Participant: 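I am attaching a structure below and will ask some questions about it afterwards.
It should be emphasised that the depicted structure is a prediction, and the values quoted were computed from it without experimental measurement.
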Amino acid sequence: MSKPEPWRSILIELQAIIKHTIPEVEEQFKWHLPFYKVDKKMCCFLNFRKTFVDVGFINGIHIDIHKDHLIAGEKRKTLRSLRYTSIEEIDVAVLQDILQDAVRLIREK
């Protein structure tokens with residue numbers, strides 16, 4: 001990932017947490033962004049913005065846990081995200097819980 005620091009370190013850490021939490025996840029790159037699929041369905045993606053890194057959840061509106069951590073943002077009907085401006089802000093337990101709930105949603109459909 002050819003992003004400047006601290007964004008590069010945040011992206012690498014988030015990528016490692018996603019792959020550790022969901023060992024069967026498939027990583028694909030579209031529009032220069034890493035997208036993560038489970039059972040061939042979109043689970044989440046990483047996005048670098050000028051002032052933060054976003055972990056976006058396609059059907060985040062349906063995630064039932066840690067809703068106080070999820071951000072809707074502008075013009076987002078179903079997408080929700082976790083935003084980080086430093087590596088220290090990453091709450092691994094919260095991220096793992098949300099990732100597992102996102103996988104549950106995919107598999108229940």
Side-chain angles (χ1 to χ4, degrees):
M1 294 186 196
S2 62
K3 304 294 181 212
E5 290 297 344
W7 317 119
R8 184 176 192 277
S9 294
I10 296 170
L11 288 163
I12 290 170
E13 181 70 14
L14 292 170
Q15 180 183 45
I17 293 167
I18 292 167
K19 289 180 177 182
H20 174 77
T21 305
I22 313 168
E24 70 274 22
V25 76
E26 286 181 51
E27 182 181 51
Q28 297 177 339
F29 285 83
K30 290 184 179 184
W31 307 294
H32 304 287
L33 301 174
F35 282 78
Y36 298 91
K37 290 184 174 184
V38 173
D39 300 337
K40 299 185 181 189
K41 295 178 183 168
M42 189 64 64
C43 179
C44 64
F45 64 91
L46 299 178
N47 189 14
F48 162 70
R49 306 298 291 255
K50 289 183 181 181
T51 58
F52 60 87
V53 172
D54 221 12
V55 181
F57 296 91
I58 306 305
N59 290 309
I61 195 169
H62 301 294
I63 292 174
D64 293 329
I65 56 173
H66 303 298
K67 288 186 179 249
D68 55 323
H69 288 54
L70 293 167
I71 298 167
E74 57 285 337
K75 298 181 183 180
R76 292 177 160 181
K77 291 182 181 178
T78 62
L79 190 130
R80 297 294 181 265
S81 66
L82 296 170
R83 290 185 180 168
Y84 304 103
T85 58
S86 72
I87 204 162
E88 293 79 20
E89 288 181 354
I90 300 171
D91 185 327
V92 176
V94 168
L95 177 55
Q96 288 179 320
D97 286 349
I98 291 173
L99 286 166
Q100 290 167 349
D101 202 43
V103 171
R104 176 191 62 79
L105 289 169
I106 287 169
R107 292 193 169 146
E108 284 181 354
K109 286 189 174 188

Participant: Would you please test Phe57 and His62 for side-chain contact (heavy atoms from CB on, under 4.5 Å) and show each step?
Facilitator: CA-CA 10 Å; Phe57 296 91; His62 301 294; over 6 Å; no
Participant: Using a 4.5 Å cut-off on heavy atoms from C-beta on, say whether the side chain of Val55 contacts that of Leu46.
Facilitator: yes
Participant: Please check if the side chain of Asp101 supplies one atom and the backbone of Asp64 the other of a donor-acceptor pair under 3.5 Å.
Facilitator: yes
Participant: What is the distance from atom CE of Met42 to atom CD of Glu26, rounded to the nearest 0.5 Å?
Facilitator: 10.5 Å
Participant: Counting only N and O atoms by type, is there a donor-acceptor contact under 3.5 Å from the side chain of Asp91 to the main-chain atoms of Val94?
Facilitator: yes
Participant: Can you get from Leu99 to Ile65 by hopping between Ile, Leu, Val, Met, Phe, Trp and Tyr side chains that sit under 4.5 Å apart?
Facilitator: yes
Participant: Could you state whether Leu70 and Val92 fall into the same hydrophobic cluster, counting links through intermediate Ile, Leu, Val, Met, Phe, Trp or Tyr residues with side-chain heavy atoms under 4.5 angstrom apart?
Facilitator: yes
Participant: Nearest 0.5 Å please: distance from the CG atom of Leu79 over to the CG atom of Asn47.
Facilitator: 9.5 Å
Participant: For the CG atom of Leu95 and the SG atom of Cys44, what is their distance to the nearest 0.5 Å?
Facilitator: 8.0 Å
Participant: Do Arg83 and Arg49 come close enough that some side-chain heavy atom pair is under 4.5 Å?
Facilitator: no
Participant: Side chains of Thr85 and Thr51: closer than 4.5 Å at any heavy-atom pair?
Facilitator: no
Participant: Gly56 and Ser81: which non-hydrogen atoms are nearest, and at how many Å?
Facilitator: CA-CB, 3.9 Å
Participant: Is there a side-chain contact between Arg8 and Phe48 (heavy atoms, below 4.5 Å)?
Facilitator: no
Participant: Within the structure provided, determine whether Thr21 and Gln100 are in side-chain contact (heavy-atom separation under 4.5 Å).
Facilitator: yes
Participant: Report yes if the side chains of Glu89 and Ile10 come closer than 4.5 Å at any heavy-atom pair, otherwise no.
Facilitator: no
Participant: Check the hydrophobic clustering (I, L, V, M, F, W, Y; side-chain heavy atoms under 4.5 Å; chains of links allowed) and say if Tyr84 and Ile87 are grouped together.
Facilitator: yes
Participant: Are Ile90 and Ile18 co-members of a hydrophobic cluster defined by side-chain heavy atoms under 4.5 Å apart?
Facilitator: yes
Participant: Cluster question for you: counting only ILVMFWY and a side-chain heavy-atom cut-off of under 4.5 Å, with indirect links fine, are Phe35 and Val25 together?
Facilitator: no
Participant: Working to the nearest 0.5 Å, report the span between NZ of Lys67 and CZ of Arg80.
Facilitator: 8.0 Å
Participant: Once you round to the nearest 0.5 Å, how far does CD1 of Ile61 lie from CG of Leu105?
Facilitator: 11.5 Å
Participant: Rounded to the nearest 0.5 Å, what separation is found between the CD1 atom of Ile17 and the CD1 atom of Ile12?
Facilitator: 12.0 Å
Participant: A side-chain contact here means heavy atoms from C-beta on lying under 4.5 Å apart; do Phe45 and Ile58 qualify?
Facilitator: yes
